[in-house]
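All remarks here apply to the structure that follows.
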Amino acid sequence: MIQTAAIVPGSERPAGDGSTGAARCAIILPDGSRRAAVVKRGPIGQIAAEAFAALLLRAWGLPVPQPFLVEEDPHPAFASADDGYPSLKQRLGLHGLPPGEQRSRAEWVACRIAVGLRTAPLAAAADEAIANHDRNLGNILWDGASEAWIDHAYALGQGSLPDANKLCDMARAVQASEQLLRSAVAQALALNRDAVELAAQEVPTHLGAHSLATMVSQRIANVANALISRFPTPDDLFSGP
Ligand SMILES: Nc1ncnc2c1ncn2[C@@H]1O[C@H](COP(=O)(O)OP(=O)(O)O)[C@@H](O)[C@H]1O
Ligand SMILES: [Mg+2]
C-alpha cells in the first residue's frame, strides 16, 4: 500500500514554477523517519491520478519520485519525495526570459534535452497510456545527468487540457521524431499490463483508482498506434496511386 505521511507543521514553503500551489515541506513517515517532500492539494480525482500514476509509472521502470498520501480533510493530499533537481524550465531559466528569439532558442534546447533523455521513450509511451496531456518542461526534473518525471494531476481524464502527448510535440519541434518514435513504440509494446491493476490495489479504495486502472487497461493495447498517429506522415509515403 502507498505510504501515508504527516507534514511537519510549519514546514511548507512554495515549490517554484507550478500553477497549483505545490509546496516544499518535511514529512514524517510511518516508521518515524523524516523526508523532504513536495505536497500538492486539489480535487480528489487529481490526487488519485497523481498517486496511481506515480505507482504505475514506477512499476514500469520510469524514474518518478516516491509518492505518499497525507491524511487531510475532506480528502488526502498528494506528496512526492523531493528529488532536489530543478525542472528543465527552471534549469534553462525559461520563466525569466521574455517572449522572443532568445526564449525560443532556450526552449528549443530544453526540448532537445527532454526528448534525448534516456527514459524519454518510455515516458512518451507511459504518457500515452495514462492520457497525460501535461508533460511540459516544468514537469521534467533534470540535474544535468539524471531525470525524474513528475506531475500527473492532468492525466487519466482529469482537468480539461486538450489531448496531446507533449513529448511527441517536442520531438517534432526539434526534428527528433524518428529517434523518439522508434524507441517509444518498442517501449509501448513492452508495457507490463499486469502492473496496472497491481498499482490500483496500492491506492486506498475510496480514491477510486480502480476506474483509472480500467481506463489504462482499455488504452494500453492501442498505445503503439496512438504514438505513431502523433507523427503524421505525408499520405504519399505509404499509400500507392
Ligand atoms: N518530487 C519533486 N521533487 C522536486 N521538485 C518537485 C517535485 N514535485 C514538484 N516539484 C517542483 O514543484 C513544481 C510544481 O510541481 P508540480 O507537480 O509540477 O505542480 P503543478 O501542478 O503546480 O504544476 C515543479 O515544477 C517542480 O519544480
Ligand atoms: Mg507541473
Side-chain angles (χ1 to χ4, degrees), residues 15-18 38 53-54 56-66 80-97 99-155 161-192 219-220 223-234 237:
D17 61 357
V38 175
L56 178 58
L57 271 47
R58 283 165 66 89
W60 280 341
L62 204 63
V64 172
Q66 187 180 354
S80 59
D82 188 344
D83 259 15
Y85 315 164
S87 69
L88 269 172
K89 191 171 156 195
Q90 289 167 324
R91 186 134 192 120
L92 276 286
L94 290 175
H95 28 356
L97 293 175
E101 197 189 332
Q102 202 191 347
R103 187 187 166 105
S104 300
R105 284 168 57 175
E107 276 171 353
W108 195 93
V109 171
C111 290
R112 191 87 204 182
I113 293 170
V115 301
L117 294 170
R118 183 184 61 86
T119 57
L122 176 56
D127 279 348
E128 201 61 54
I130 65 166
N132 181 14
H133 302 151
D134 194 29
R135 182 68 70 200
N136 65 65
L137 294 167
N139 294 335
I140 307 169
L141 307 181
W142 186 60
D143 71 351
S146 309
E147 66 273 23
W149 306 86
I150 61 162
D151 194 356
H152 307 103
Y154 293 132
L161 290 177
D163 173 49
N165 185 323
K166 290 189 181 171
L167 270 176
C168 295
D169 294 345
M170 290 182 207
R172 297 213 328 257
V174 300
Q175 290 84 44
S177 300
E178 203 188 318
Q179 164 206 347
L180 183 79
L181 178 58
R182 201 180 314 155
S183 307
V185 165
Q187 295 286 357
L189 296 172
L191 290 176
N192 178 1
R219 293 176 67 85
I220 209 164
V223 167
N225 280 320
L227 286 166
I228 292 167
S229 311
R230 299 285 183 193
F231 296 90
T233 43
L237 281 182

Straight-line distance of Leu181 CG to Leu167 CG, nearest 0.5 Å: 12.5 Å
By salt bridge (Lys or Arg N to Asp or Glu O under 4.0 Å) - contacts of Arg105 (at least two apart): Glu101
Exercise: identify the closest heavy-atom pair between Ala188 and Leu227: CB-CD1, 3.9 Å
Donor on one side chain, acceptor on other, Asn132 and Asp134, under 3.5 Å: no
Contacts of type side chain to side chain contact (heavy atoms under 4.5 Å, CB included), residue Ala153, not counting sequence neighbours: Lys40, Gln46, Glu50, Asp151
Gly138 versus Asn136, closest heavy-atom pair with distance: N-OD1, 2.7 Å
For Asp83, all residues meeting salt bridge (Lys or Arg N to Asp or Glu O under 4.0 Å), sequence neighbours excluded: none
Qualifying residues under salt bridge (Lys or Arg N to Asp or Glu O under 4.0 Å), relative to Asp169, sequence neighbours excluded: Arg172
Qualifying residues under side chain to side chain contact (heavy atoms under 4.5 Å, CB included), relative to Arg91, sequence neighbours excluded: Pro86, Trp142
Minimal non-hydrogen separation, Ala15 against Gln90, with atom names: O-NE2, 4.2 Å
With Asn165 via side chain to side chain donor-acceptor pair (under 3.5 Å) - residues at least two apart: Glu128
Nearest non-hydrogen partners of Ala123 and Leu62, listed with the distance: N-CD1, 3.7 Å
Contact summary for Ala110 and Leu88, nearest pair of heavy atoms: O-CD1, 3.9 Å
In residues 111-120, what donor-acceptor pairs under 3.5 Å come from side-chain atoms, sequence neighbours left out?
unit_1	atom_1	unit_2	atom_2	d
Arg112	NH1	Val174	O	2.7
Thr119	OG1	Glu147	OE2	2.6
Thr119	OG1	Trp149	NE1	2.9

Salt bridge (Lys or Arg N to Asp or Glu O under 4.0 Å) partners for Glu107, two or more places apart: Arg103
Side chain to side chain contact (heavy atoms under 4.5 Å, CB included) partners for Gln187, two or more places apart: Pro121, Leu122, Ala125
Enclosure of Tyr85 OH (heavy-atom neighbours >12, cutoff 6.0 Å): yes
Interatomic distance, Lys166 atom NZ to Ile140 atom CD1 [nearest 0.5 angstrom]: 10.5 Å
Partner set under side chain to side chain contact (heavy atoms under 4.5 Å, CB included) for Ile150, not counting sequence neighbours: Pro65, Asn139, Leu141
Step-by-step side chain to side chain contact (heavy atoms under 4.5 Å, CB included) determination, Ile130 to Leu57: CA-CA 9 Å; Ile130 65 166; Leu57 271 47; 4.1 Å; yes
Distance in Å, His95 NE2 paired with Ser87 OG, rounded so as to fall on 0.5 Å steps: 6.5 Å
Residue pairs, two or more places apart or on separate chains, that pass salt bridge (charged side-chain N to carboxylate O under 4.0 Å, His left out) and touch residues 179-191: Glu178-Arg182
